[in-house]
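We name chains A, B, ... by the order of the sequence lines, and we start the count at 1 in each one.
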Amino acid sequence: MDSESFIDFALGRYNYWLVMILMMVGLYVVVARGNFVKKLVGLNIFQVSVFLFYISVGKVAGGTAPIYVDDPATLYSNPLPHVLILTAIVVGVATLAVGLSLVIRIQAAYGTVEEDEINAADAERDASPRAGGTA
Amino acid sequence: MLGTAFEFLMQHLPALQVVVPMMAAPICLMLHRGSWAGTMALITAIACFIMSVLLLQQVMTTGPISYHLGGWAPPFGIEYRVDAMNAFVLVIVAATSALVLSFAGKSIRGEIEPSKQALFYTVFTLCLCGLLGVTITGDAFNIFVFVEVSSLATYVLIAMGARRDRRALTASYTYLMMGTIGATFYVIGLGLLYQATGTLNLADLAVRLEPLGDSTSVRAGFAFIMVGLGLKLAMFPIHAWLPNAYTYAPSVVSIFLAATSTKVAIYVLLRFMFTVFGYEFPVVELSLSAIFMPLALLAMFVASAIAVFQTDFKRLLAYSSVAQIGYMILGFSMASVTGLTATMVHIFNHAAMKGVLFMVAGAVVYRVGSSSVASFAGLGRQMPWTMAALVIGGLSLIGVPLTVGFISKWYLILGALETGDWVIAFAIVLSSLIAVVYVWRVVEVAYLTPAPEGAKPVREAPLSMLLPMWTLALACLYFGLNAELTATIGQAVAETLLNGDTPTGTPVIEELAQ
């Protein structure tokens, strides 16, 4: 493949590059950030990148929205990946809701949502003679 | 009239298996009182158990069942497909949940606030629904949705341990992160496969992947799916969520999770590896020998060694679970009928023995208020029945003859010797010796250490806990003495998986594909 066609190849698939960048950004935030809310944000970005990936998969070049029109020559996009992602979005919202409610409970129990402070609090309690007491 | 109604129900068993717990969950919520919701959940679980046994019986006599939801034929409609493998897993999941729920009453009253007990049973029933759904469905995207149903329920169940120890909250949060990443990886993999084949039906995927052979996107899809499922089943280096989750969850939840959720993930992994991709698929073969087998061996040793140093009994059991999952992975990584039989048999056996041991932990938490190994001191005399169950469960974990653990290890060693890998056979025996160490530590404290001075006398666990505990303990012994049933099913499963014959129902799909 010569350089020009390679550039065409790469640019023609910009949506997949975008998906990959978003995916990596999301995963990086999940791993590198210690704040539990920020981690959830990263998780959400990661999930959204997958939604975009599926939507790209379902798109047919030149196809319209998959709504029936009275013309047999109409070219439609594939509705199935879009429907699947509708389900996945609902799942993502539910996960985010459970995650945020956990963060609220963690904030109430520890007084912080920073991972290192929570680990320090747990380690301190393990060392104290009251270890194993009621929370 | 009654006869036709019964026939109607029998025909719709695969759907009912999922619909019954799904409908029971809101009823539990509306009952509002913990004890009523508990009874409702127990009735549901028993109903699921009866249905799964009927399904297994039907599958073993007449072959696989293909159920078309809403009458839409696969691959366009969603199909529930039941064959020997998932019928077996269904029975394990439903049976454990029935036993766990009959154990739960007193334990839950001790560990969860009264106002939240009905909610607990609601979420538990939803979790059961998700696990059964994952097992029964023949549609790859459906698996994702049911995985999320069960996972979201699991996060909530684990967080409910916060009353006893606030670390349950962070354990649940970590599991939520890892579980969601795992499930999303699975979806990415699925997207790649869909892009290559245009189908989501597992059987149809298998048919269409074959001519595609070894394309890069299919390979990437395989890798994503394996990593995603590996996270879910706590495969060795990515098991970090499991120890805390099992330790800080309410006792009842630990029993349930240890006995079912990782098993269901292993089932899905086997389904993808052998039914969808097929053993001949080059990447599958490579990953079995180069990734799964070494990691399984590492898990057997490293996780067992970590278990030896744990001061908390539940955490010790959690690390031992990671090691036992290693045995299951080792079994199928041999890719032989004997190896796969070992995996299937061990899925059942491990559910029984870990069930007993976590129930013992639950009973000790109920009476003593702590699950630390030190708190077992003197319990050998004070809770003789519970500690006897501990010994039976512990012996099974080690793999002593006459218990179920021996049967699994016997098949594993046979599988290893078949391929001439005597090193692996030796490793299996050696890792069992580490199990002796950590089991003996607890038994020693229970029987040989006197109760601490001035401690309140402890009574034997209530009968409602002892009955399910001993049902499982006797199952550990019975299936250890008479392994015919489990081994027959295990072997049937292994043969269908390896011979690669897609279960019946394919004609319909091929017709549509043409």
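- Nearest heavy-atom pair, B:Leu152 versus A:Thr95, reported as atom, atom and distance to 0.1 Å: CD2-CA, 3.7 Å.
- Looking only at side-chain heavy atoms (C-beta outward), B:Thr180 and A:Val91 stay at 4.5 Å or farther from each other.
- Proximity to chain A is absent for every atom of B:Ser370, based on heavy atoms less than 4.5 angstrom apart.
- With a threshold of 4.5 angstrom between heavy atoms, A:Leu43 approaches chain B through side-chain atoms but not through N, CA, C or O.
- Using a 4.5 Å cut-off between heavy atoms, B:Leu190 touches chain A through backbone and side chain atoms alike.
- Contact record, A:Arg105 with B:Leu169: O-CD1, 3.6 Å, taken as the closest heavy-atom pair.
- In this structure, chain B has a heavy atom under 4.5 Å from the side chain of A:Val30, while its backbone stays farther away.
- Residue with the most contacts toward chain B among A:Val103, A:Leu102, A:Asn78: A:Leu102 (heavy-atom pairs, distance under 4.5 Å).
- Residues A:Thr87 and B:Phe144 are not in side-chain contact: their nearest non-hydrogen atoms beyond the backbone lie 4.5 Å or more apart.
- Within 6.0 Å of OH on A:Tyr16 lie more than 12 heavy atoms contributed by other residues, nucleotides or ligands.
- Rounding to the nearest 0.5 Å gives a distance of 3.5 Å between CD1 of B:Ile188 and CE of A:Met23.
- Of the atoms belonging to A:Ala88, heavy atoms from both backbone and side chain fall under 4.5 Å from chain B.
- Residues B:Arg166 and A:Ala109 share a closest heavy-atom pair of NH1-O, 3.0 Å.
- Taking every heavy atom of both residues into account, A:Tyr54 and B:Gly191 meet most closely at OH-N, 3.0 Å.
- Side-chain atoms of B:Tyr155 do not come within 3.5 Å of backbone N or O of A:Val98 as any donor-acceptor pair.
- For A:Leu40, the parts lying near chain B are the backbone and the side chain together; criterion is any non-hydrogen pair under 4.5 Å.
- The candidate from B:Asp312, B:Val145, B:Leu192, B:Ile181 with the greatest count of non-hydrogen atom pairs under 4.5 Å with chain A is B:Ile181.
- Checking side-chain atoms of B:Tyr173 against main-chain N and O of A:Phe36 turns up a donor-acceptor pair under 3.5 Å.
- Within 6.0 Å of the OH atom in A:Tyr76, the count of heavy atoms belonging to other residues, nucleotides or ligands exceeds 12.
- Annotation: maximal heavy-atom pairing with chain B below 4.5 Å, among A:Val90, A:Ile118, A:Leu80, occurs at A:Leu80.
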